[in-house]
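Notes follow once the structure below has been shown.
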Number of protein chains: 2
Amino acid sequence: MAGAVTVRDVARLASVSASTVSRALSASELVAPHTRDRILAAARQLGYSANTSARSLITGRTSNFGLVVPDLENPYFASVTKGVQSRALSEGFAVFVADSDEDVRTEIELARKLASQVDGLILCSPRMGNRDLAAVTESTTVVLVNRQLPQVHSITVDDTEIVRQALGHLYALGHRTVAYAGGPATSWSDGQRRNGIRSALSDLPGLKVAEIGSFRPVFGGGMSAADLAVATGATAVLAYNDLMALGILSRLQARGINVPADMSVVGIDDVSAATLVSPALTTVRAPLQKVGTAAVDALIDSIFPDRPPLPPETLPVELIVRASTSVPSRPPLTSREEAGLDERSSNAHQ
Amino acid sequence: MAGAVTVRDVARLASVSASTVSRALSASELVAPHTRDRILAAARQLGYSANTSARSLITGRTSNFGLVVPDLENPYFASVTKGVQSRALSEGFAVFVADSDEDVRTEIELARKLASQVDGLILCSPRMGNRDLAAVTESTTVVLVNRQLPQVHSITVDDTEIVRQALGHLYALGHRTVAYAGGPATSWSDGQRRNGIRSALSDLPGLKVAEIGSFRPVFGGGMSAADLAVATGATAVLAYNDLMALGILSRLQARGINVPADMSVVGIDDVSAATLVSPALTTVRAPLQKVGTAAVDALIDSIFPDRPPLPPETLPVELIVRASTSVPSRPPLTSREEAGLDERSSNAHQ
DNA sequence: TTGTAGGCGTTATCAT
DNA sequence: ATGATAACGCCTACAA
């Protein structure tokens, strides 16, 4: 049994009333220093700690946050979670963490369930529709990560810039046909990146980007994407994230396709595994933990409206060049450029 | 604002009393089917959901669990967390997750803070002393992961068997001097593994194990350990976990030491990154998510004493042979066997 | 089967 | 500066 000791016990021991005990523990300057000390001593002696249920019942606040992520085993979300964690704890909040397993139904259910017992909710890369998202927004304060919605505070990385840097790098090396292995179709970030591709194309004359489809944002998804990328005749492939890029690397090696000589590979995020493989993965680094801490800051600012609200935040990114990219030293492995793949003529406007 | 709608609102709409509403939502068979339907309809219409603070104030239960892990970015703990998550949610519990950042003080503080607002606490690889641990155990129901303490339910992997399989594998390949790169000195598992080494030695005549010290259980710790391992003259190294093994692999390659020709490397856990590197890492697989689900099951069983309590559980492990181990085809890189390193003569009893 | 009444532990309001 | 009292929303005897 945890807190069998209540304010009344402390009050009795300190020979004061329950209200005074309560004050001494919160607005401590409203109580005489002498009695305050006596109360604190009594509380410590009895091992008193306030019952959070009773407190939040009357205050209407829980000092808890909720965090919903698609997959804790994805190192991207693990890092964001860690960032959320550390900042929330240092600000006095505990964090419910929920893993939706990339499933929209689960995600909605978790968000709803948590909303009722937190002061605010961080939804990380939510896949649910705008309608469901709006419903959650009605029920509690929400901060979105990797997604934007009018009127809702959000933390995003600069997806346009990610694509610009990745494609710019490959273009500078001499690549002119690049495959894009996309993430989940319901991912807002993926949409942003596809937009980013279109806008980057106008700065990179002669570049062709073949969008080869949507894949699960994990290692296995990358393995599926690899063969399609090869079939487009591309000399390089940009993946939705590092995990997919690692899967692509693995599949290419299994097929005896040399990276980077035959095919360059670029990932996104710079998760720690990116440096473990050989060749090491060229990637665009996103500030993972910082995404989490920024989300907590935004949440706290939304909850306490006295401070001026922060503007939506878009965090900077950084290209990290490693060994998985080089000049396209050999001709494309295939020239099936007319194949029935989803090769949108992305350079139509040139 | 979330739950502005209370039982009384639902009661009014359904033309019944508040208590009937309460009953309809919990012990639904105590209320007439007809009124029950009316109440449920009213509740749904108003979007009612019970205030968890008020409920737990009176019931004394929160339907929340707490989980404390040393490092969420460590894929081992990420997987355990995911397992805890999924099982807890399917049993109707939400989970507070806290990351101690491998720090004992933080860990103690987190455990104490969470203990007051949960029905049970899962402490994963806790580093705190037995005394502090016992204190936490007093304040709430606890299940330990990767540690044992009398009277406290615990889930562990079979550390003795891990070591036996790893050393047995290396021994069979012909290795006779193996370095052990240990984990944190305060880690219970590390202690178990060192015990396991001693017991394994009696089955493996002629084997020598050099314990080269305690390292941080992450990539960087492995890099530090690598040079010490080489200096012992060992032809193989067993690491406390996969992350360290990957760091060792990386450092050996940087030094131009070939794995497995010059040095075999074995990890523990089989985290997903183990297959990404080349050579792929030989490791002893632990059932990561299952550790988490088993911990939740144990917690639930401890909380509801009506069911027969489960015995402490030790989960099985499995050797996974990959490319990072082979026969010791070349002589040791060094023969400084008398060097001042922490080379306990582990085979003293032979 | 349903309603009434009381209390869980805390904080807020009001009075002293 | 401190104390008495009420109220937060719910559950659970007990009464009807």
Side-chain angles (χ1 to χ4, degrees), chain A residues 1-43 46-64 92 115-119 139-140, chain B residues 1-43 46-64 92 115-119 139-140:
Chain A
M1 305 306 154
V5 44
T6 78
V7 270
R8 317 186 68 136
D9 298 320
V10 178
R12 198 175 314 124
L13 181 56
S15 312
V16 292
S17 76
S19 352
T20 306
V21 172
S22 175
R23 269 189 292 259
L25 270 48
S26 48
S28 54
E29 61 282 358
L30 291 181
V31 50
H34 178 62
T35 54
R36 191 179 63 92
D37 292 345
R38 231 179 26 202
I39 291 170
L40 293 182
L46 296 177
Y48 170 77
S49 103
N51 179 314
T52 54
S53 299
R55 185 202 303 263
S56 63
L57 180 55
I58 184 110
T59 61
R61 305 230 289 81
T62 62
S63 291
N64 294 150
S116 69
Q117 52 183 328
V118 299
D119 294 340
S139 68
T140 189
Chain B
M1 304 316 147
V5 44
T6 77
V7 269
R8 317 186 68 135
D9 299 318
V10 178
R12 199 175 314 123
L13 180 57
S15 311
V16 293
S17 76
S19 38
T20 307
V21 172
S22 174
R23 270 187 291 256
L25 272 50
S26 48
S28 53
E29 62 283 357
L30 290 182
V31 50
H34 178 62
T35 55
R36 191 179 63 93
D37 292 345
R38 232 177 26 197
I39 290 171
L40 293 182
L46 296 178
Y48 170 78
S49 104
N51 179 314
T52 55
S53 300
R55 169 176 306 179
S56 65
L57 180 56
I58 186 136
T59 61
R61 306 230 289 78
T62 63
S63 289
N64 294 150
S116 68
Q117 52 184 327
V118 299
D119 294 340
S139 67
T140 189

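Each chain gets a letter, A, B and so on, in the order its sequence line appears, and its residues count up from 1.
The CZ-C1' distance, from Arg12(A) to dA4(D), rounds to 17 Å in whole Å. Distance Gln117(A) CD to dC10(D) P: 14 Å, rounded to the nearest Å. If you measure from atom CG of Asp9(B) to atom C1' of dC10(D), you get 13 Å, rounded to the nearest angstrom. Rounded to whole Å, atom P of dG9(D) lies 16 Å from atom CG of Leu25(B). In this entry the distance linking CD1 of Ile39(A) with P of dA1(D) reads 13 Å, nearest Å. Between the CZ atom of Arg36(B) and the C1' atom of dT1(C) there is a distance of 14 Å, given to the nearest Å. Look at CZ on Arg61(A): it is 18 Å from C1' on dG9(C), rounded to the nearest Å. Per the geometry, CD1 belonging to Ile58(B) stands 16 Å off P belonging to dA5(C), to the nearest Å.
The 5' end of DNA chain D is approached more closely, in terms of each residue's nearest nucleotide, by Ala54(B) than by the other of Ala54(B) and Ser26(B). Comparing Ser17(B) and Ala18(A) against DNA chain C, the residue whose closest nucleotide sits nearer the 5' end is Ser17(B). Toward the 5' end of DNA chain D, the nearer of the two residues Thr52(B) and Arg23(B), judged by each one's closest nucleotide, is Thr52(B).
Here dT2(C) is the nucleotide among dT2(C), dT12(D), dG9(D) with the atom lying nearest to any side-chain atom of Val31(B). Of the candidates dG3(C), dG9(D), dT10(C), dG9(D) carries the atom nearest the Leu57(B) side chain, counting heavy atoms from C-beta on. Among the nucleotides dT11(C), dT10(C), dT5(D), the one closest to any side-chain atom of Asn51(A) is dT10(C). Closest to the side chain of Ala32(B), out of dT2(C), dT10(C), dG9(D), is dT2(C). Closest to the Ser19(B) side chain, of the nucleotides dC8(D), dG3(C), dC10(D), is dG3(C).
You'll find the side chain of Thr6(A) reaches within 4.5 Å of the side chain of Asp9(A), heavy atoms only. Here the side chains of Asn64(A) and Asp119(A) are not in contact, with every heavy-atom distance at 4.5 Å or above. Contact check for Gln117(A) versus Asn51(B): no side-chain heavy atoms found under the 4.5 Å cut-off. The side-chain heavy atoms of Val7(B) and Leu25(B), taken from C-beta on, include no pair separated by under 4.5 Å. By the 4.5 Å heavy-atom criterion applied to side chains, Leu13(A) and Arg38(A) are not counted as neighbours.
Counting atom types as modelled, Thr59(A) pairs no side-chain N or O with a base atom of dT10(C) as donor and acceptor under 3.5 Å.
Put simply, Thr20(B) has no side-chain N or O that comes within less than 4.0 Å of OP1 or OP2 on dT2(C). Proximity of Ser22(A) to the phosphate of dT11(C): a side-chain N or O atom is located under 4.0 Å from OP1 or OP2. For Thr35(B), a side-chain nitrogen or oxygen approaches OP1 or OP2 of dT2(C) to under 4.0 Å.
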